[in-house]
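Positions are given from 1, in the same order as the sequence printed here.
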Amino acid sequence: MAEANISDDGAAGGSISLTGVASKMVKKGLLTKAAAHEINKVALASNRSFFLQCVEQNAVPITKACEIMSEEYGIPMMDVDSMNTELSPVDVVPANLMEKHYILPLYVRDTRLYLGVGDPGNTTALDEVKFNTGLSISLVLLDPRKLAQVLETVLDKDSGVSLSDIVNEEGFNELELESEIEEGDAGTDLKIDTPIVRFVNKIIQDAIRKSASDIHIEPYEHITRIRFRIDGVLHDAINPPKGLIHKIIARLKILSQLDIAERRLPQDGRMKIQFSRSRTIDFRVSTMPTLFGEKMVIRVLDTSSANLALDTIGMEPEQLQLYKEASEQPHGMILVTGPTGSGKTVSLYSALSVLNTVERNISSVEDPVEINVNGINQVNVNERIGLTFGTVLRAFLRQDPDIVMIGEIRDLETAEIAVKASQTGHLVLSTLHTNDAAATITRLANMGIQPFNIASSVSLVIAQRLVRRLCDSCKEPVELKDEVLLDLGFKEDEVSNLEIFGAVGCSGCTGGYRGRTGIYEVMPISTTISELIMLNSSTLEIDRQARKENIPTMRESGLKKVAAGITSIEEVERVTAN
């Protein structure tokens, strides 16, 4: 759990006092009190330690954070890179415990096991290892991120089975589909042991370990291709034999309770798989008939890895201040725009996590709910039974909400209700699919919302994209001429002392990148922009006014992250190219 206690006045509604690791980080100047309290709040909500939440959010340099943990718990640190994992006695601790608790046996001396951990505060792991091994335990602190990478390698090696191994098993391609589908086999038990089931399980497990956001299973004339989307970019996983596609799809349909006999129409479903006692992951499944068979895309909804700290979503300080000010207003509408998978939902929930207090009634309607948050009344749209966005929003407004979050404004009915709600004392947060902030205004007008209603209801528009973060372990400086930098958009006074990094690639990343961050255009609706909206001005005119008001574009936001060494020019070009 998080390192915080309720102070004496906390029982009466006072603040939560920071202790232990959190307090030391504040005293050493690594975190502000406000940031520490916000991280602690997220850690408590997700049942995660304060230390691991800091690591997850990149809130504190990992080396400094580990030094504080080592001091707090009185245990030594070890550099994972200096270890030879080939010599680790992995047979001493069951693989399921290593995966469940993210622990690694380092070596055994007589009756004492030296155990590498990423979170020394996880006493449950210590107790379970003691019980299973009968050994005394001494803890050694490892960098949690590097430990996760090492475990991925160790566990894969320990299992001795890869996707290719399963595919190449004798007789695998000749298996009858019926033998894989038995009466009552509609659950999500990953322990069923048949070749197709093991193959599908391995796909899912590999995707989770590689932090993939989507799994694509695609049939073509002569091959079947399975790809993982990692940090927004698709990568090949395996190309299984063509004859397996129907068996793979059928197994996944069973797990997501879809009709395995229907191959002519698109279907949508969901499945939930429990990977450990504390980790359950939801998957959204979509099938579509193509020329050579059904294509399936599985969206991984791993809410445990969702980072909802507002200060860490990637906004520049001025942009973050505008977002905070708009979200603290009692009414109005905040719109976040961007393509699918650009992090819009996380941006909205990051603000809601700050606003989520006992004094506020917050309700959300989504299709589907992707992030479960205690304290927010969340509703899944179900159009089959008439539970539409409009129906739910009308019900919300009869239940005295303070804040309403709408997953997406798709039609005029939803837009009209959202506008009325924002004009009658409610704060409304929602998303749209447009390319930039100015286009969001004209999109609402094209839907049929009157200009005066747009001008009086919308208070802030945020356009965003996600760029991949350069791997800190392997990124290298790149040399570019001043003329090239100026053409890219840097200013003359910036290029002289500019150090730009490029992707290299190492064992700890994917193609030189690890993780993502956002780049933003945050456009408040000023008096002048409101006047342009009232005049039904074009997207171009609104965009020109935004530039006059010194509102940075997404590209300019991206270039700041290039200059800071966070991402590469290629990434900014990829997501902002017109």
Side-chain angles (χ1 to χ4, degrees), residues 56 58 145 148-149 152-153 156 163 202-220 223-240 281 283-286 288 295-302 305-307 312-314 337-347 370 433 435 463-476 478 488 500-520 554-555 557-562 564-578:
E56 181 69 27
N58 295 310
R145 293 176 182 172
Q149 296 164 18
E152 181 179 325
T153 303
D156 278 347
L163 286 170
K202 183 65 175 172
I203 291 172
I204 294 172
Q205 289 166 345
D206 283 2
I208 298 301
R209 286 181 183 163
K210 294 178 180 179
S211 300
S213 60
D214 300 271
I215 304 169
H216 290 244
I217 303 172
E218 305 162 318
Y220 297 98
I223 64 166
T224 297
R225 180 170 65 177
I226 297 177
R227 296 186 289 173
F228 297 156
R229 188 179 293 278
I230 302 171
D231 293 334
V233 178
L234 285 167
H235 299 269
D236 277 326
I238 190 172
N239 294 341
I281 299 178
F283 300 84
R284 188 170 64 194
V285 181
S286 173
M288 181 180 64
K295 174 187 177 182
M296 178 176 280
V297 176
I298 304 169
R299 170 66 60 88
V300 182
L301 306 176
D302 187 3
S305 65
N307 182 1
T312 61
I313 62 175
T337 182
T340 301
S342 59
K344 301 185 295 297
T345 302
V346 170
S347 293
E370 296 188 9
H433 287 278
N435 289 327
Q464 71 177 78
R465 300 289 188 276
L466 290 177
V467 294
R468 292 180 291 174
R469 301 176 68 99
L470 286 166
C471 174
D472 291 330
S473 300
C474 65
K475 66 181 182 182
E476 291 184 352
V478 294
L488 289 169
I500 293 176
F501 292 86
V504 178
C506 66
S507 60
C509 65
T510 304
Y513 298 95
R514 184 172 177 82
R516 289 189 290 177
T517 188
I519 58 173
Y520 301 86
M554 276 187 291
R555 184 177 182 83
S557 175
L559 291 178
K560 285 186 178 180
K561 286 184 168 53
V562 171
I566 296 172
T567 190
S568 65
I569 286 177
E570 291 79 8
E571 269 299 285
V572 174
E573 287 282 324
R574 180 177 68 86
V575 301
T576 63
N578 294 325

When rounded to the nearest 0.5 Å, the distance separating CD1 of I519 from CD1 of I566 is 11.5 Å
If I take atom CG from residue L234 and atom CZ from residue R229, how far apart are they, to the nearest 0.5 angstrom? 4.0 Å
Run the side chain to side chain contact (heavy atoms under 4.5 Å, CB included) test on L488 and E573 for me, step by step, so that the C-alpha distance in whole Å, both residues' side-chain angles and the decisive distance to 0.1 Å come before the verdict. CA-CA 9 Å; L488 289 169; E573 287 282 324; 3.4 Å; yes
Please report the interatomic distance OG(S286) to CE(M296), rounded to the nearest 0.5 Å. 8.5 Å
Dump the intermediate steps for side chain to side chain contact (heavy atoms under 4.5 Å, CB included) on I215 and F228, then the final yes or no. CA-CA 5 Å; I215 304 169; F228 297 156; 3.9 Å; yes
Determine whether more than 12 heavy atoms belonging to other residues, nucleotides or ligands lie under 6.0 Å from atom CG of N239. yes
Nearest 0.5 angstrom please: M554 CE to S342 OG, how far? 9.0 Å
How close do S347 and Q464 get, counting heavy atoms only, and between which atoms? OG-OE1, 2.7 Å
Min side-chain heavy-atom separation V572-T567 under 4.5 Å: yes
Residue pair D231 / R468: nearest heavy atoms and the distance that separates them: O-CG, 3.1 Å
Could you pull out the closest heavy-atom pair between C506 and S473, with the gap in Å? SG-CB, 4.4 Å
Using a 4.5 Å cut-off on heavy atoms from C-beta on, say whether the side chain of H216 contacts that of K295. yes
Closest heavy-atom contact between R227 and E218? NH2-OE2, 2.7 Å
Can you check whether F283 reaches I208 side chain to side chain, under 4.5 Å on heavy atoms? yes
Side chain proximity check, R465 to R574, heavy atoms < 4.5 angstrom: no
Test item: F501 and V478 side chains (from C-beta on) under 4.5 Å apart, heavy atoms: no
OG1-NZ distance between T337 and K344, expressed to the nearest 0.5 angstrom: 7.0 Å
So which heavy atom on P240 is nearest to which on T224, and how close? CD-O, 3.3 Å
I569 versus I500, closest heavy-atom pair with distance: CD1-CD1, 3.7 Å
If you measure from NZ on K475 to SG on C509, what distance do you get to the nearest 0.5 Å? 12.0 Å
Take Y520 and I313 through the test side chain to side chain contact (heavy atoms under 4.5 Å, CB included) and record every step on the way to the result. CA-CA 10 Å; Y520 301 86; I313 62 175; 3.6 Å; yes
Taking G314's backbone N and O only, do any of them form a donor-acceptor pair with K561's side chain (distance below 3.5 Å, no angle check)? yes
